[in-house]
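Contents: one structure, followed by commentary.
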Amino acid sequence: MDLSLLYYSVQWLAGLIAFVTIWGWMPLDNWWVRGVEFPRIQIMVLGVIAWIGMLAFWPNWQLGQWLLFIVLSVTLAFQLRMVLPYTKLWKKEVQEAKDTPEGASYQLKIMVSNVLTPNDETQKLVDLVKQKQPDILITLESDKKWERALHQIEPDYPYTVKVPLDNLYGMHLYSKLELIDPDVKYLMIDDIPSIHTQLRLQSGRVIWLYCLHPMPPSPTEADKSTTRDAELLMVGKHIKENEQTAILAGDLNDVAWSKTTRRFQRISGLLDPRIGRHFINTFHANYPFLRWALDHIFHSACFTVVDIQRMPSIGSDHFPVMTTLQYAPEEANQQEQNAPTAAAGDSKETESKIEEGKKEGEKVSKEHADAQSSLG
């Protein structure tokens with residue numbers, strides 16, 4: 001290979017990585033800005049390749065190459081700071097559950113699965129649920145077809161909340177444990193639901209469970225991330241203000257290292273069990289190099305982790321993920337798990353974002369209603 005061509009290719013890649021990283025720092029909600037928050041792992045890998053590649057040619061550097069290398073190093077350090085917490089190199093945010101004789105009675109298994117509405121391989125999820133026996137199953141993008149298919153598991157799941165929709169935002173909740181006053185809310189957009197319920201654990205303790213699936217910023221769905229961000233922050237604020245012991249789970253159409261998800265953690269005080277462990281990249285199931293975590297679970301500090309793992313494919317573009325938590329209030333009391341705390345400006349930014357989200361939600365709801373009217 002012509003070394004000069006390789007030399008310029010490495011510089012081009014270095015410039016691209018630096019540009020994309022800096023682009024994502026713009027304080028805009030547009031999808032073409034917020035979208036670069038998703039592939040940080042891929043950007044980091046390409047950035048490391050560019051960084052090593054530039055070093056290979058360092059004897060030929062002039063001022064421009066030195067400046068490019070410095071900028072690349074700064075942007076690569078930023079990407080590493082975002083990604084490394086989700087590896088074993090970082091301190092665990094949630095402790096391992098202690099193995100005690102009564103531990104099993106305090107455990108809670110939650111499976112989250114975005115099923116992909118057009119996916120007809122419904123039996124794969126049914127078989128997976130029968131095999132893994134989660135206490136809670138949350139399905140996203142589930143319509144009437146999926147509801148009929150999942151009727152097979154209902155003898156084991158006496159408590160259900162069903163919101164079948166054909167707009168890619170249907171949602172179902174199946175529970176072996178008692179659901180108390182479950183409620184379906186439409187927080188931002190009139191046809192995008194979320195489920196809010198109290199849940200009685202085997203120990204008798206009552207906690208809150210929130211199931212979310214907000215609209216993502218993309219050229220085919222929402223022009224901006226505003227409603228998605230506002231919905232997550234609204235629930236986080238509610239959890240904190242009401243001092244709830246809570247679990248929030250679902251396809252958030254956001255990544256854990258985004259500025260909104262990190263602010264949500266600080267506002268709500270909920271923990272992320274993936275920090276200090278490993279990536280749980282659930283999307284896209286069909287493209288191994290283009291994967292990131294869209295399906296999440298966050299919980300109060302009184303839970304520890306027994307296990308968290310990605311499940312086999314069910315034919316969807318998302319892998320299911322199952323998390324086993326153990327209720328352990330003594331861990332929180334001993335301050336072994338420190339809940340995130342709000343930083344200066346978080347409350348103000350949260351209020352502002354929620355108001356923006358409500359306005360944007362009204363606009364999007366009207367657009368959806370007009371589209372339905374034209375079809376009708």
Side-chain angles (χ1 to χ4, degrees), residues 102-115 117 122-165 169-187 192-213 235 238-239 242 244-252 270 273 295-300 302-303 306-308 311 314 316 318 320-329:
E102 68 278 5
S105 64
Y106 288 86
Q107 291 180 7
L108 175 66
K109 295 181 180 179
I110 301 177
M111 183 181 292
V112 176
S113 181
N114 182 316
V115 300
T117 303
T122 55
Q123 193 60 37
K124 285 188 175 181
L125 179 59
V126 172
D127 292 342
L128 183 64
V129 171
K130 289 182 177 180
Q131 176 191 356
K132 298 297 183 179
Q133 289 294 313
D135 299 302
I136 301 289
L137 171 67
I138 302 166
T139 65
L140 298 318
E141 291 198 30
S142 40
D143 57 1
K144 278 291 186 181
K145 173 190 70 179
W146 278 93
E147 186 175 302
R148 290 191 295 270
L150 290 167
H151 184 70
Q152 298 176 60
I153 71 170
E154 289 193 31
D156 294 328
Y157 294 85
Y159 303 98
T160 60
V161 180
K162 302 175 181 179
V163 194
L165 297 172
Y169 292 97
M171 181 180 293
H172 288 70
L173 171 60
Y174 297 87
S175 177
K176 293 182 178 182
L177 304 175
E178 180 187 359
L179 301 179
I180 303 171
D181 298 327
D183 192 11
V184 177
K185 296 181 182 291
Y186 297 82
L187 296 177
I192 298 183
S194 58
I195 296 173
H196 305 226
T197 183
Q198 293 182 80
L199 174 70
R200 191 181 304 279
L201 302 178
Q202 293 183 51
S203 63
R205 179 75 162 87
V206 175
I207 67 167
W208 278 88
L209 174 66
Y210 296 89
C211 311
L212 270 61
H213 185 206
V235 174
H238 179 78
I239 291 170
N242 291 277
Q244 294 173 344
T245 299
I247 295 173
L248 182 143
D251 172 5
L252 301 185
L270 300 190
D295 303 275
H296 306 267
I297 184 166
F298 299 96
H299 58 79
S300 295
C302 55
F303 289 96
V306 177
D307 187 42
I308 178 169
M311 296 287 101
I314 60 162
S316 172
H318 289 242
V321 61
M322 189 161 81
T323 306
T324 304
L325 302 176
Q326 185 164 301
Y327 182 65

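FYI, the numbering just counts along the sequence from 1.
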Which residue is it: [options]? I am looking for the one with a side-chain contact (heavy atoms from CB on, under 4.5 Å) to [X].
X: P273; options: D307, V306, I308; result: I308
X: N114; options: I314, D251, V321; result: D251
X: Q244; options: I207, I239, L270; result: I239
X: H296; options: L248, V112, L252; result: L252

Could you report the tightest heavy-atom contact between [X] and [Y], atom names first, then the distance?
X: H238; Y: Y210; result: CD2-OH, 3.1 Å
X: P158; Y: K176; result: CD-CA, 4.1 Å
X: H299; Y: I247; result: CB-CG1, 4.0 Å
X: F303; Y: L325; result: CD2-CB, 3.9 Å

State whether a side-chain donor-acceptor pair under 3.5 Å links D183 with H196. no
Would L128 and M111 satisfy side chain to side chain contact (heavy atoms under 4.5 Å, CB included), going step by step from the backbone distance to the final call? CA-CA 10 Å; L128 183 64; M111 183 181 292; 4.0 Å; yes
For the atom pair [atom1] ([X]) and [atom2] ([Y]), what is the distance rounded to the nearest 0.5 Å?
X: L209; Y: L199; atom1: CG; atom2: CG; value: 6.0 Å
X: T245; Y: Q198; atom1: OG1; atom2: CD; value: 11.0 Å
X: M322; Y: K132; atom1: CE; atom2: NZ; value: 6.0 Å
X: I110; Y: T324; atom1: CD1; atom2: OG1; value: 9.0 Å
X: L108; Y: Y327; atom1: CG; atom2: OH; value: 12.5 Å

Examine distances only and state if a side-chain atom of [X] and a backbone atom of [Y] form a donor-acceptor pair shorter than 3.5 Å.
X: D143; Y: L165; result: no
X: S300; Y: C302; result: no
X: E141; Y: T117; result: yes

Around atom CG of D181, are there more than 12 heavy atoms of other residues, nucleotides or ligands at under 6.0 Å? no
What I'd like to find out is whether the side chain of H213 reaches to under 4.5 Å of the side chain of M171, using heavy atoms alone. yes
Going by the rule side-chain hydrogen bond (donor to acceptor under 3.5 Å, both in side chains), which residues pair with [X] if we only count those two or more places apart in sequence or in a different chain?
X: Y157; value: none
X: Q123; value: D127, Q152
X: S113; value: none

Under the salt bridge (Lys or Arg N to Asp or Glu O under 4.0 Å) definition, can you give me all pairs with a residue in residues 147-164, not counting sequence neighbours? K144-E147, E154-K162
I would like to know whether L173 and T160 meet side chain to side chain contact (heavy atoms under 4.5 Å, CB included); could you show each step before the answer? CA-CA 5 Å; L173 171 60; T160 60; over 6 Å; no
Tell me, please, which residues at least two apart from H172 pass ring pair (Phe, Tyr, Trp, His ring centres under 6.0 Å). none
Taking ring pair (Phe, Tyr, Trp, His ring centres under 6.0 Å) as the definition, give me every residue that meets it alongside Y174, ordered by chain and number, with sequence neighbours left out. none
When you look at V161 and V184, which way does the side chain to side chain contact (heavy atoms under 4.5 Å, CB included) test go after all the steps? CA-CA 8 Å; V161 180; V184 177; 3.7 Å; yes
Assess the residue pair R200 and I180 against the criterion (side chain to side chain contact (heavy atoms under 4.5 Å, CB included)); give the C-alpha distance rounded to whole Å, side-chain angles, the decisive distance to 0.1 Å, and a yes or no. CA-CA 7 Å; R200 191 181 304 279; I180 303 171; 3.4 Å; yes
